[in-house]
Amino acid sequence: MAETHKKILFRYYSDLLEDTVVETMWGEIIDLEKGYFKLDNIPFFGPLIATDDIFFAEFDEDEQTLVYRETIEISGNSIVQVVILEKGFDKEIIREKLKEVNCESEGMNETLFAVEITREVDYFVVKSILNEYVELSVIDFAEPCLSEKHRADLLKN
């Protein structure tokens, strides 16, 4: 079977953690010679990249692996980070509600998960769900990578 993906190292400053973070994510190979990949992961800590974005990565001698350098083409997808504030609250309740509006998510631990909002999804609907829980002081959320399309969704409602 031909190799279709590579692990890529991302190093960036995370506002969420207020620190430099190293995250390894899968990139689907678009053109290995040129170093072009399509992100095939939901980022956790908030680099300015979303699933299906095309990016450039190159082998780094110091890291001894492929390292993200820049985003080449944006997909229109967005990434939102959600932090559970209420002790004992089951984050799967919110993840399930988001899944009902076609938003996949990936949990990091009991209190943090990242949500992928694809271009086709109306972000106004997603933000309404999140705001319900914010008003109940159950969660807080950040929008580290919000596409122009999803910004526009908020303006038209």
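- Atom NZ of K34 has 12 or fewer neighbouring heavy atoms from other residues, nucleotides or ligands inside a 6.0 Å radius.
- Between E23 and R11 there is no salt bridge, since none of the side-chain N atoms of the basic residue sits less than 4.0 Å from a carboxylate O of the acidic one.
- Here CD of E110 is found 8.5 Å from CD of E92. Values are rounded to the nearest 0.5 Å.
- L39 and V21 fall within the same hydrophobic cluster, where Ile, Leu, Val, Met, Phe, Trp and Tyr residues are linked whenever their side-chain heavy atoms come under 4.5 Å apart, directly or through other members.
- Put simply, CE on M108 and CZ on F113 are 14.0 Å apart, with the number rounded to the nearest 0.5 Å.
- Taking R151 as the reference, L146, E148 meet the side-chain contact (heavy atoms from CB on, under 4.5 Å) condition, with sequence neighbours excluded.
- Listed by first then second residue, pairs satisfying ring pair (Phe, Tyr, Trp, His ring centres under 6.0 Å) with a partner in residues 49-75 read F10-F55, F10-Y68, F37-F55, F55-Y68, not counting sequence neighbours.
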I93 vs D90, test: side chain to side chain contact (heavy atoms under 4.5 Å, CB included). Steps then yes/no. CA-CA 6 Å; I93 294 169; D90 182 3; 4.2 Å; yes
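- When atom types are taken as modelled, the side chain of S147 and the backbone of G76 share a donor-acceptor pair closer than 3.5 angstrom.
- The pair E96-K99 does not count as a salt bridge, with every side-chain nitrogen at least 4.0 angstrom from each carboxylate oxygen.
- Residues I29 and K6 are in side-chain contact: their nearest non-hydrogen atoms beyond the backbone lie under 4.5 Å apart.
- Within the 3.5 Å criterion, the main-chain N or O of L66 finds no donor-acceptor partner in the side chain of D60.
- Not counting sequence neighbours, A152 has no partner by the side-chain contact (heavy atoms from CB on, under 4.5 Å) test.
- Across every non-hydrogen atom of R95 and S105, the tightest pair is NE-OG, 2.6 Å.
- By the 4.5 Å heavy-atom criterion applied to side chains, K97 and Y133 are counted as neighbours.
- Taking CZ of R119 as the start and NZ of K149 as the end, the distance is 7.0 Å to the nearest 0.5 Å.
- A single hydrophobic cluster is not seen to contain both L32 and L9; linkage of ILVMFWY side chains at heavy-atom distances under 4.5 Å, directly or through other members, places them apart.
- By the 4.5 Å heavy-atom criterion applied to side chains, I129 and V101 are counted as neighbours.
- K7 contributes no side-chain N or O that, together with a main-chain N or O of G27, makes up a donor-acceptor pair within less than 3.5 Å.
- We find the CD1-CH2 distance between I42 and W26 to be 16.0 Å, quoted to the nearest 0.5 Å.
- Between K127 and E143 there is a salt bridge, since at least one side-chain N of the basic residue sits less than 4.0 Å from a carboxylate O of the acidic one.
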The test is side chain to side chain contact (heavy atoms under 4.5 Å, CB included); show your working for V126 and L98 and say whether it passes. CA-CA 7 Å; V126 175; L98 292 169; 3.9 Å; yes
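- The local environment of CD1 in I74 is sparse, with at most 12 non-hydrogen atoms from other residues, nucleotides or ligands closer than 6.0 Å.
- Around atom CD of Q64, more than 12 heavy atoms belonging to other residues, nucleotides or ligands sit under 6.0 Å away.
- With hydrogens and angles ignored, the 3.5 Å screen pairs a side-chain donor or acceptor of H150 with a backbone N or O of V121.
- With sequence neighbours left out, the side-chain contact (heavy atoms from CB on, under 4.5 Å) criterion links N109 to T111, L112.
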Which pairs would a plain distance check flag for residues 47-54, meaning a side-chain donor or acceptor within less than 3.5 Å of a matching protein atom at least two apart in sequence or in another chain?
from: T51; atom 1: OG1; to: E116; atom 2: OE2; distance (Å): 2.5
from: D52; atom 1: OD2; to: N77; atom 2: ND2; distance (Å): 3.4
from: D53; atom 1: OD1; to: S75; atom 2: N; distance (Å): 2.8
from: D53; atom 1: OD1; to: S75; atom 2: OG; distance (Å): 2.8
from: D53; atom 1: OD2; to: A50; atom 2: N; distance (Å): 2.9

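- Note that CD of E33 is 6.5 Å distant from CG of D31, once rounded to the nearest 0.5 Å.
- Looking at heavy atoms from C-beta onward, I79 lies out of side-chain contact with I117 at the 4.5 angstrom threshold.
- Shown here for Y123 and D153, the closest heavy-atom pair between the two residues is N-OD2, 2.8 Å.
- The shortest distance between side-chain heavy atoms of E106 and N41 falls below 4.5 Å.
- For K91, the salt bridge (charged side-chain N to carboxylate O under 4.0 Å, His left out) test picks out no residue, with sequence neighbours left out.
- Annotation: side chain of V83 is not in contact with side chain of F141 (no heavy-atom distance under 4.5 Å).
- Taking the side chain as every heavy atom from C-beta outward, I139 and I94 approach each other to under 4.5 Å.
- A continuous path of Ile, Leu, Val, Met, Phe, Trp and Tyr side chains, each step under 4.5 Å between heavy atoms, connects V115 with F89, placing both in one hydrophobic cluster.
- Judged by distance alone, the side chains of E63 and T65 never bring a donor and an acceptor atom under 3.5 Å apart.
- In this structure, P43 and M25 have side chains that are in contact, with non-hydrogen atoms separated by less than 4.5 Å.
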